[in-house]
Amino acid sequence: MVAQEKTLDDLFLDTLKDIYYAEKQILRTLPKMAKAAQSPELKKAFETHRDETEGHVERLTEVFELIGKAPRGKTCDAILGIIEEGKGIIEEFEGSPALDAGLVAAAQAVEHYEMARYGTLKAWAQQLGHQEAVALLDQTLGEETKTDKLLSQLGLTATNKKAA
Ligand code: FE
Ligand code: FE
């Protein structure tokens, strides 16, 4: 059987489904990370980003709408693996002074995955002439980047405390 010709539109839709699935998983995971965090600042960062993540899901549904597709997720093994590693850290480092540093590391892996996806989707949306989608994807990319920077700061605090 001859493979059907796939286009950049197909790739864009597939990747949109991937990050849509991932965002929904992240939405369920952030409260658990907030609960596990020891420092009030880290707890708050996770709670704030949980709220932002609701907006990310909402923006993605708008992007689906813009390209005339129904919002649908597609299992993303990458995010499931990253989340699983985070769970492992919570279990293994419970009650340890290094727990927060581990949570920051796990969360940064999530943010970097998102940044990679949104960066790519934004470039493809540009290529495909979906200008409104570019703006929506860029807004979320900005929030992921800002969160990653905040986590870097909180990571320093966490490791400094541990050293003290
Ligand atoms: Fe997100
Ligand atoms: Fe995020």
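On a predicted model such as this, the values are computed, not experimentally measured, just so you know. Ligands are counted one by one from 1 in listed order, and the atoms in each one are counted from 1 as well.
- Rounded to the nearest 0.5 Å, atoms CG (Leu136) and CD (Gln131) are 11.5 Å apart.
- Relative ring orientation between Tyr20 and Phe64 is described as perpendicular, the plane-to-plane angle rising above 60° on a 0-90° scale split at 30° and 60°.
- Salt bridge Glu143/Arg59: present, at least one basic N to carboxylate O contact under 4.0 Å.
- A 6.0 Å sphere centred on CD of Glu62 holds more than 12 heavy atoms belonging to other residues, nucleotides or ligands.
- A salt bridge does not link Glu47 with Lys43: none of the charged nitrogens is closer than 4.0 Å to a carboxylate oxygen.
- Distances under 2.8 Å from the Fe ion (ligand 2) pick out the protein N/O/S atoms His49 NE2, Glu111 OE1, Glu111 OE2, Glu114 OE1, Glu144 OE1.
- The side chain to side chain donor-acceptor pair (under 3.5 Å) pairs that include a residue from residues 87-103 number zero, where partners must be two or more places apart or lie in different chains.
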